[in-house]
2 protein chains.
Amino acid sequence: MKTSPSSFFILGMLQFGATSGYAIKKATDVSMRYFWPTSLAQIYPELHRLEEQGLVVRHDDSHGARTRASYEVTEKGRETLLSWLAETDEEQFRFRDEGVLRLYFADALAPDDQIQLVRRLRNRCAETKSELRENVIPLGDALAEMTGTRFPGTIAHFGADVFAFAEEWLANLEQELEEGEQSEPNAEAAPDPEAS
Amino acid sequence: MKTSPSSFFILGMLQFGATSGYAIKKATDVSMRYFWPTSLAQIYPELHRLEEQGLVVRHDDSHGARTRASYEVTEKGRETLLSWLAETDEEQFRFRDEGVLRLYFADALAPDDQIQLVRRLRNRCAETKSELRENVIPLGDALAEMTGTRFPGTIAHFGADVFAFAEEWLANLEQELEEGEQSEPNAEAAPDPEAS
DNA sequence: GTGTGCATGTAAGGAGTTACATGATTGC
DNA sequence: GCAATCATGTAACTCCTTACATGCACAC
């Protein structure tokens, strides 16, 4: 069984202080929802695999009749995580999004539907941006102030700013499409927003 | 068998003029590599499924002893594609990237290694941006001029601009980390670049 | 007493990848 | 003659999701 990015994700979350599978899921839903969504059905088997590999040890943390496991990262686990963090062969960005795929084929739509589609994509960017600004960034900033752990907040800022940029870009595209429709029904391809 | 985004991708590429599975793969490698990468092992079975569903018809286009299939989108296929394009329930953005995950856990690294990591991520953004500007955008622009099909070019511009933005953002972060390391070895969390 | 949240798991299946397997044609 | 490209597929495997299954604890 290979050690995949998901394994490192679990390992990293444990080192950040989440002790149980359930706790990892809770923490992820708040701060990593947009960057590394995960499910309990993936976390639990992964924890078992990490234990088999000796990267974590499992302690029993049951309260009365309610079972609870608490995991601890071993020295080997810490080393493994560190060497993964320092890996120098960064893979290519890949970014599979259904909305972008739709936009790619948008020439098949009527001009009005094209505008609708762009508007929906823009709204989606705006929602994600707002969610990050309102709920995730404050948490990240608080974490940085309390514990000095700053990168979770950095990621939240990064995401919010990128989504804000995408939102603006799509707003420009939307306006262009609207103008094209109004004034020149058979307009030729106008320059794209922020063309380089 | 459900009609997934990948099915629509194949369907859309056929309507754009790619006639065979191999041709779809070639076209994808050029223009959609960063947005919807795919493999032949996915394309061929998908084409068979689309045929079973009556969304495409297969013609034999063999040249002598070399077999070649040529697919044509049916009326039903066109309708299915259009109704997918016009769907109004846009799913949440999700964006799973190993590099971003590393950055999330970067607090575990020494300051110098943090800078190295950010630099690698920035370079990766820069490479993707350049590849899009130099190779993909010209193709998209040419397509728009020759056939009026403009959105493939729009996607290329969008991608290039977003990656350029991310590159700049990471450059700012890198500079901040460098300054923090030089002047204040025990610096508290500095404000993130372009903080909102 | 009932719903919400805590807590841990398994089963089934879809989506996507790499590796394997085969063979024709074209250009050097 | 040989390599690269055209062309089509299958097998095995990983990764990830949804749905299923179970049960405790606490607040209202």
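Quick note on labels: first sequence line is chain A, next is B, and so on, each numbered from 1.
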Open item on the list: Closest-nucleotide mapping onto DNA chain C: is A:Arg66 or A:Pro45 further toward the 5' terminus? I mean the 5' end.
Closed with: A:Arg66
Open item on the list: Whether A:Tyr22 contacts C:dC6 is assessed here as follows: a side-chain N or O lying under 4.0 Å from the phosphate OP1 or OP2. Is that the case?
Closed with: yes
Task: Shortest non-hydrogen separation from B:Ala160 to B:Lys129 and the atoms involved - done: O-CG, 3.6 Å
TODO: Write down the distance between CD1 (B:Ile10) and P (C:dG16), rounded to a whole number of angstrom.
DONE: 10 Å
Task: Six-ring centre of A:Tyr22, A:Arg68 cation under 6.0 angstrom, axis tolerance 45° - done: no
Open item on the list: How many whole angstroms separate atom CD1 of B:Ile24 from atom P of D:dC6?
Closed with: 15 Å
Task: Nearest to side-chain heavy atoms of A:Arg68, which nucleotide of D:dT17, C:dA15, C:dT8 - done: C:dT8
TODO: Indicate, with a heavy-atom threshold strictly under 4.0 Å, whether B:Ser39 touches base, sugar-phosphate, or nothing.
DONE: base
Open item on the list: On the nucleotide D:dC24, are OP1 or OP2 found under 4.0 Å from the side-chain N or O atoms that A:Thr67 carries?
Closed with: no
- [ ] Take the protein atom CD of B:Glu46 and the nucleotide atom C1' of C:dA15, then report the distance between them rounded to whole Å.
- [x] 10 Å
- [ ] Taking only the side-chain nitrogens and oxygens of B:Gln42, find out if one of them lies under 4.0 Å from OP1 or OP2 of C:dA15.
- [x] no
- [ ] Measure from the side chain of A:Ala65, starting at C-beta and using heavy atoms only, and say which of D:dA25, D:dT17, C:dA15 lies closest.
- [x] D:dA25
Task: Atom-pair distance (OH on B:Tyr71; P on D:dT8), nearest Å - done: 8 Å
Open item on the list: If I take atom CZ in residue B:Arg49 and atom C1' in nucleotide C:dG16, what distance separates them, rounded to the nearest angstrom?
Closed with: 11 Å
Open item on the list: Is the distance from the ring center of A:Phe8 to that of B:Phe105 below 6.0 Å?
Closed with: no
TODO: Using whole Å, report how far CG of B:Asp60 lies from P of C:dA24.
DONE: 16 Å
Open item on the list: Quick check: closest heavy atoms across A:Pro138 and A:Leu132, and the distance to 0.1 Å?
Closed with: CD-O, 4.2 Å
TODO: Locate the shortest heavy-atom distance separating B:Glu91 from A:Arg124; write the atom from each residue and the value.
DONE: O-CD, 2.7 Å
- [ ] Measure across A:Leu103 and A:Val118 and return the closest heavy-atom pair with its distance rounded to 0.1 Å.
- [x] CD1-CG2, 3.8 Å
- [ ] Specify the separation, in whole Å, of atom CD1 of B:Ile43 and atom P of D:dA7.
- [x] 13 Å
- [ ] Can you tell me which residue pairs pass the side-chain hydrogen bond (donor to acceptor under 3.5 Å, both in side chains) test with a partner in residues 101-112 of chain B, sequence neighbours excluded?
- [x] A:Ser31-B:Tyr104, A:Glu87-B:Arg102, A:Glu90-B:Arg102, B:Glu98-B:Arg102
TODO: Could you tell me whether A:Ala41 contacts a base, only the sugar-phosphate backbone, or nothing, with contacts defined as non-hydrogen atoms closer than 4.0 Å?
DONE: base
Task: Residues A:Arg66 and A:Asp61 bridged, charged N to O under 4.0 Å - done: no
Open item on the list: Contact list please: residues 84-98 of chain B against DNA chain D, heavy atoms, distance less than 4.0 Å, in numerical order.
Closed with: B:Arg94, B:Arg96
- [ ] With DNA chain D as reference, determine whether A:Gly64 or A:Thr38 sits nearer its 5' end, using the nearest nucleotide of each.
- [x] A:Thr38
Open item on the list: Rounded to whole Å, how long is the line connecting atom CG of A:Leu47 with atom P of C:dT8?
Closed with: 9 Å
Open item on the list: If you only use heavy atoms from C-beta on, which nucleotide in D:dC16, D:dT8, C:dA7 is closest to the side chain of B:Leu40?
Closed with: D:dT8
Open item on the list: Once you apply a heavy-atom cut-off of 4.0 Å, does A:Ala23 come out as touching a base, just sugar-phosphate, or nothing?
Closed with: nothing
